[in-house]
**Q** 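Mind having a look at this structure? Questions to follow.
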Amino acid sequence: MNREKVINEYFCNLEKSAYSDMIELFTEDAVVESPLLGTMKAAEFYKEIFSKTSNSKITLMNVCKSVSDENTAVAHFHYDWILSDGMPAPFECVDIFTFQPNSDKIVSVKIIYDSFKTRDQFAKIDR
């Protein structure tokens with residue numbers, strides 16, 4: 001198992017808005033918990049996020065394995081996100097990945113960041 005490789009692929013797919021490749025990294029019933037959209041099935045979450053993205057650049061700073069749970073890893077990164085209306089919405093973030101036991105498939109991602117500025121910009125897209 002190479003979960004660090006999966007996390008790197010995850011960020012490459014996120015940066016490229018590569019929906020099909022992204023969904024391949026997850027179990028069928030995987031979920032994403034996000035400050036912007038709440039908890040959603042991964043397939044629905046990435047469809048929504050990618051539809052609201054025109055461009056993004058990710059700078060991965062740290063990937064850490066849990067000391068108490070072999071199925072958990074954490075990634076710390078900076079996300080230079082450009083929304084579909086052209087508005088920049090950059091933020092620093094931590095994603096907590098939970099993997100299916102004995103597998104490289106992602107079961108859940110919990111996204112943690114201060115969404116104060118991003119939330120307002122994201123909401124304007126639908127207006």
Side-chain angles (χ1 to χ4, degrees):
M1 289 186 295
N2 190 344
R3 292 173 173 172
E4 189 169 342
K5 181 181 177 208
V6 172
I7 290 170
N8 282 312
E9 287 178 30
Y10 171 90
F11 286 111
C12 285
N13 294 334
L14 185 61
E15 194 171 65
K16 297 183 297 186
S17 294
Y19 179 78
S20 296
D21 292 337
M22 178 66 89
I23 297 310
E24 286 296 315
L25 300 176
F26 288 85
T27 61
E28 189 174 316
D29 59 347
V31 295
V32 176
E33 185 179 340
S34 157
L36 287 179
L37 297 173
T39 301
M40 300 174 71
K41 289 195 174 255
E44 295 168 12
F45 176 82
Y46 292 102
K47 189 175 287 185
E48 177 76 10
I49 288 297
F50 292 163
S51 76
K52 308 243 191 225
T53 301
S54 71
N55 196 5
S56 63
K57 170 85 171 96
I58 294 169
T59 304
L60 187 58
M61 294 181 278
N62 299 289
V63 175
C64 307
K65 296 177 186 176
S66 172
V67 295
S68 61
D69 181 356
E70 66 182 15
N71 296 312
T72 301
V74 177
H76 171 219
F77 61 100
H78 190 271
Y79 191 22
D80 286 305
W81 190 22
I82 308 295
L83 300 174
S84 58
D85 66 356
M87 179 68 75
F91 57 89
E92 188 171 344
C93 188
V94 172
D95 283 1
I96 302 172
F97 296 87
T98 303
F99 289 89
Q100 186 175 52
N102 303 311
S103 168
D104 285 338
K105 291 286 189 177
I106 301 168
V107 173
S108 69
V109 176
K110 183 173 186 170
I111 302 168
I112 302 171
Y113 69 97
D114 181 356
S115 64
F116 179 74
K117 290 181 183 176
T118 307
R119 179 176 302 282
D120 188 45
Q121 293 167 320
F122 191 78
K124 288 178 184 176
I125 293 174
D126 290 330
R127 291 186 192 154

**Q** If we ignore hydrogens and angles and just use 3.5 Å, is the side chain of S54 paired with the main-chain N or O of L83 as donor and acceptor?
**A** yes

**Q** How far apart are the C-alpha atoms of N13 and Y19, what are their side-chain angles, what is the distance that settles it, and do they pass the side chain to side chain contact (heavy atoms under 4.5 Å, CB included) test?
**A** CA-CA 7 Å; N13 294 334; Y19 179 78; over 6 Å; no

**Q** Do T53 and I82 have side chains that approach each other closer than 4.5 Å (heavy atoms only, starting at C-beta)?
**A** no

**Q** Does any part of the side chain of E48, heavy atoms only, come nearer than 4.5 Å to the side chain of L37, both counted from C-beta?
**A** yes

**Q** Taking the ring of Y79 and the ring of Y113, is the distance between their centroids below 6.0 Å?
**A** no

**Q** Is it possible for you to say whether I23 and F50 belong to one hydrophobic cluster, with membership spreading through side-chain heavy-atom contacts below 4.5 Å?
**A** yes

**Q** Has R3 got a side-chain atom pairing as donor or acceptor with E70's backbone, closer than 3.5 angstrom?
**A** yes

**Q** First locate atom CD1 of I112, then atom CD of E33, and finally report the distance between them rounded to the nearest 0.5 Å.
**A** 8.0 Å

**Q** Tell me, do V6 and F26 make a side-chain contact under 4.5 Å, heavy atoms counted?
**A** no

**Q** Which value, rounded to the nearest 0.5 Å, describes the distance between L14 atom CG and D21 atom CG?
**A** 12.5 Å

**Q** Is there a path of hydrophobic side-chain contacts, each under 4.5 Å between heavy atoms of I/L/V/M/F/W/Y residues, joining I49 to F77?
**A** yes

**Q** If you define the side chain from C-beta out and look only at heavy atoms, does anything of P90 sit under 4.5 Å from H78?
**A** yes

**Q** Can S66 and D69 be counted as having a side-chain donor-acceptor contact under 3.5 angstrom?
**A** no

**Q** With a 3.5 Å distance limit and no angle check, can you tell me whether K105 reaches the backbone of E24 through a side-chain donor-acceptor pair?
**A** yes

**Q** Is there a path of hydrophobic side-chain contacts, each under 4.5 Å between heavy atoms, that joins F11 and V107?
**A** no

**Q** Return the minimal non-hydrogen interatomic distance between N71 and Q100, and the atom names on each side.
**A** OD1-O, 4.1 Å

**Q** Look at the side-chain heavy atoms of Ile, Leu, Val, Met, Phe, Trp and Tyr, link any pair under 4.5 Å apart, and say whether F99 and V74 land in one connected group.
**A** no

**Q** Between D114 and F91, does the side chain to side chain contact (heavy atoms under 4.5 Å, CB included) criterion hold? Intermediate values first, please.
**A** CA-CA 8 Å; D114 181 356; F91 57 89; over 6 Å; no

**Q** So I111 and C93, do their side chains get closer than 4.5 Å, heavy atoms only?
**A** yes

**Q** Tell me if a side-chain donor or acceptor on Y46 pairs with a main-chain N or O of S20 at a distance below 3.5 Å.
**A** no

**Q** Tell me whether V94 is reachable from I58 by hopping between hydrophobic residues (I, L, V, M, F, W, Y) whose side-chain heavy atoms are closer than 4.5 Å.
**A** no

**Q** Would a 4.5 Å heavy-atom cut-off, applied to side chains only, mark E92 and M61 as touching?
**A** yes

**Q** Find the distance between CE (M22) and CD (E15) and round it off to the nearest 0.5 Å.
**A** 10.5 Å

**Q** Can you name the closest pair of heavy atoms from A75 and L60 and give their distance?
**A** CB-CD1, 4.0 Å

**Q** Please find the pair of heavy atoms, one from F45 and one from S34, that lie closest to each other, and give the distance.
**A** CE1-CB, 3.4 Å

**Q** Hey, is the main chain of N2 close enough, under 3.5 Å, to the side chain of D104 for a donor-acceptor pair?
**A** yes

